[in-house]
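Structure, as C-alpha cells:
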2 protein chains.
Amino acid sequence: MVERKLKNMEEFAAVSGISRPTLSKYFNNPESVRQTTRLRIEDALQKYDFRPNIFAMNQNRKLTKNVGIVVPFLADPFFTEIARKLEQRCLEAGFHPTLYSAHGQQQLENEILDSLRSLKPAGVLLAPLGRASDKLSVEKFCQDVPTVLFDSNIEGIGEAFVGSDNFSFVSQTVDYLTRTGEPPSFFEMRTPANPNANKRRAAYEQLMAERNLEPRILKIEGEGWAFEQIGRDGALRILETGGFPTNTVLCSNDRLAIGLLSACYEKGLRVGRGAGCALRVASHDDHPFSKFTCPSLTTAAHDYDSVSDHAFKTLNNLIEAGGRFARREETVFSARLVLRSSA
Amino acid sequence: MVERKLKNMEEFAAVSGISRPTLSKYFNNPESVRQTTRLRIEDALQKYDFRPNIFAMNQNRKLTKNVGIVVPFLADPFFTEIARKLEQRCLEAGFHPTLYSAHGQQQLENEILDSLRSLKPAGVLLAPLGRASDKLSVEKFCQDVPTVLFDSNIEGIGEAFVGSDNFSFVSQTVDYLTRTGEPPSFFEMRTPANPNANKRRAAYEQLMAERNLEPRILKIEGEGWAFEQIGRDGALRILETGGFPTNTVLCSNDRLAIGLLSACYEKGLRVGRGAGCALRVASHDDHPFSKFTCPSLTTAAHDYDSVSDHAFKTLNNLIEAGGRFARREETVFSARLVLRSSA
DNA sequence: ATAAAAATTTTACGCGCGTAAAATTCTTGC
DNA sequence: GCAAGAATTTTACGCGCGTAAAATTTTTAT
C-alpha cells in the first residue's frame, strides 16, 4: 500500500497487468476468474489502494449486491436484535445490507420502499408494519423487487414468509399456566399493530375452548408502538377499577408485559409464582429485556436464530432463483418456553 | 401517471418539453430553476413516472446527498432513539440518511467507515465506539469525509463534537442524593466502553471531594455492551458478599442500573426513597425504558432533542462550509434531573 | 505432443447523468 | 418598447464501469 490512490479500474489494470474486463469480472465475483489470476489480483490489491466506484458498478448492473432490511419499529429491541442477525448473515454472504425503520408510520414505510426500489437491490427482507401497511404499495413493491417477508405476514404478498408460529407461543404459555395454576386472562391492545397479535388472541380463545374454560380477554386502549406505556396505562386502569379478573395474566407480548409489571409494582401488587404473590404474569417474544424485569418474565421465546437464518437463506435462494419462486413459501418456527420468576 | 415508466432523463425531457440540463439542475436543487419551469417540471412529474437514476446521479457529483449515521451499538435504545431523531432531521433537509451500527466491534466500525467512504457522503454523524475505536482509522476517515462526532468525543478528531455535559449529569444526581439522604457510592464497569463513563467517574470524585465526602467507587467486571447483564452480575456479587457500602447507589448509566435493579429485586432488597426501602438507586441517561423499571428510575436525562438538533445543524453548517471548520466546535448540553421512584 | 476447451486480452460501445460553453429565449426595469 | 440580465436550450464531452465479440493465450485432456 505504498502507491497513490488509483483513480479507476483502468489505472489498476495498468499497474497490476490484468485487463480491465477481467478485473471487472473479479470484482463482480472473485471466483469467476482463474485461481492464478485471482491471486495476482489480490496481490496487487495489497500493494495498490484501489476500490471500484460503487456507483459506476451499480449503474448498469441489472443485479446489485444491495439487500434492504426493513423493520417497522427499530426502537423495539426485538427488531434491533433480529435486524442485527440478518445484517450479519448478509455481510457474511457478500451482500451490502442497509437497515431501514418505518418508525411505525405508513408514509415512511412507503418512502423506504420507494427509495429502495431505486437502489436496485438484489433482494429485500421486509417486516411490514402490519395493519398500518399500505398493502397495495407493498404488493406492488414485491412485484418489482424479490422480497421475503418476515415477522409479520401479509397473505399472498412477497415470495416467501418466515416467522414464528403464534399458536405454539400461546399453546405453551397457556398450557404451562393452566397446568400450574389458575387459567390466564389475556391482556392485549384493542387494535393491535400487528397480525401476530390477532393470531395469538385466536390461539388463546381456541386453547381455552379446548379446555372448556371461559376466555377472558382484557382489551386495553392505545394506538401506536409505545407498547410499554400502553400496557402500563391499561394495567393501571384495570388495577384502579377492581383489578384483574384472574390471578394469572397472559400478555400478548413482552413489551405490554413490561408496562403491566411496572403498573403492578407501583400499585404494590406482588407478581410471581411464589407464596405472597398476588398475580402471575407471562408473555410472548422473549424480548431482550425480559430477563431484567422485576420479576423476570416467564415468556415464550422466538427462535431468533432460526428465523433470521432461514429468512436470509430464503432470500438467498430467491435471488439465485432469479427473484421468483414457483409458489410462495411460508415457514414458521416454534416457540420455546422460558420459565423465569413472573409465572 | 398514465404513461409508461420513463427510462431516463432524456425521455423525460422529450415528453415534458424541458431540456435535460435544466432537469438535471432541477433534480439537483429544485430551487435553482425559475419558478415557472419548476412548476412545469412538477406538473410533468405528476403525469409521468420518472425518477433519476441514483447511481448515475452520484457517479460524477463531487457531493452526494448521502449522510451516514453511525452508532456503536444499536441494540441500546438510547442510540436507536437518537438515531431516529437524526434520521428525521436529515430527511426533512432533503438528505438521504443511512444508519449503521458497529455492534460494539472495532472491525465493524472500520468496515462501516470504509464502505461509507465509497458512498461519497456529504457528511457523516458518528458516535464512535470509544475505547474500542481504532483511533487512527477514525481520524483518517474524518480527514476525508466531513464528520461530526456525537455522544462520545475523541479529542481533536472530526470537525465538531456534540454531546452531553457529563459533569452536569453527575452534579445533579449527586447534589440531589446528598441533599436528600446518604451520599452515594458510584457503580460502574471497571473498563467502561465509553469515555463518558470516565468523565462521570471523575465528576463524581470531584463532587465528593468538594463536599469533603469519601468517594466510594464500585468497579464491576465485564466486557462488551451487555450492560444490563454486567450490572446485574456485578450487583449480585456485591449483594452476596456483604452488600452495598452505602444505602444510596449512583450508577454510571441506566443500563447498568436496570441490571442492578433486577438483582436487588431478586434478592428481596427494596429500592426506593420511601419508608421500608433499603436502597436508593439513581443513574444517568434517561434510557427509554427507565420509566418502566421497578421501581421507576430516578435519572439525569439527556437532552435528546437538543443533541440531535444541534448535531444535525452542525453537520449542515459543515457541509455548507465545504467540509471544514476554522476550528473544531464542541457543544455539550446539560442534563435534566428526572425524579422517579428509585431515589 | 496436439487438439479442444477455457480463460484472458483487445477492442469497442453503452449506461444515465453531470457539466461546461455558446446560442437562444425569456424576464425585468426603465 | 427596449436593453440588460437571467434563465434556458443546444451541443458536446466525460465519468467509471458493464459487457459483448473477436482474437489470443493458457490450460486441460487425449
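Throughout, protein chains are lettered first and strands after them, A, B, ... in sequence-line order, and every chain is numbered starting at 1. Side chains are part of it too, since the values below use all heavy atoms of this structure and drop only hydrogens, waters and symmetry mates.
- Residue Q59(B) contributes atom CD, which lies 18 Å from atom P of dC13(D) at whole-angstrom precision.
- Note: CZ (F27(B)) to C1' (dG16(C)) measures 13 Å, nearest angstrom.
- Centroid-to-centroid, the aromatic rings of H310(B) and F333(B) come within less than 6.0 Å.
- Atom CZ of R34(A) and atom P of dA5(C) are 17 Å apart (whole Å).
- For F78(A) and F73(A), the ring centers sit 6.0 Å or farther from each other.
- Note on K7(A): only backbone sugar-phosphate atoms sit closer than 4.0 angstrom, heavy atoms only; bases stay farther off.
- Counting only heavy atoms from C-beta on, N8(A) has its side chain closest to dC17(D) among dT9(C), dC17(C), dC17(D).
- Between M57(B) and T36(B), it is M57(B) whose nearest contact on DNA chain C lies nearer the 5' terminus.
- Nearest nucleotide to the N28(B) side chain, out of dC17(C), dG16(D), dT19(C): dT19(C).
- Between D305(B) and R89(B), the shortest heavy-atom distance links the atoms OD1-NH2, 4.2 Å.
- For S24(B), taking side-chain heavy atoms from C-beta onward, the closest of the listed nucleotides dT8(D), dG16(C), dT19(C) is dT19(C).
- N53(A) has its CG atom 13 Å from the C1' atom of dG18(D), to the nearest Å.
- In this structure, F12(B) atom CZ and dT9(D) atom P are separated by 12 Å, rounded to whole Å.
- Ring centers of F50(B) and F27(B): under 6.0 Å apart, within the cut-off.
- Between Y48(A) and F12(A), the ring planes lie perpendicular to each other; the angle is over 60°, past the 30° to 60° tilted range.
- Regarding I41(A), its CD1 atom lies at a distance of 8 Å from the P atom of dT8(C), rounded to whole Å.
- If you check every strand for non-hydrogen atoms under 4.0 Å, P52(B) touches sugar and phosphate atoms only.
- Candidate nucleotides dT8(D), dG16(C), dC17(D) were compared by shortest atom distance to the side chain of V33(B), and dT8(D) ranks first.
- For the pair L23(A) CG and dT19(D) P, the computed distance is 15 Å after rounding to whole Å.
- Of the candidates dC17(D), dT9(D), dT9(C), dT9(D) carries the atom nearest the T22(B) side chain, counting heavy atoms from C-beta on.
- With dG16(D), dT9(D), dT10(C) as the choices, the nucleotide that has an atom nearest any side-chain atom of I18(B) turns out to be dT9(D).
- Across the protein-nucleic acid pair, K65(B) atom NZ and dC17(C) atom P stand 18 Å apart, rounded to whole Å.
- Residue whose closest nucleotide on DNA chain D sits further toward the 5' end, between R20(A) and S19(B): S19(B).
- Nearest-nucleotide assignment on DNA chain D puts the 5′-proximal partner with K25(B), out of K25(B) and N60(B).
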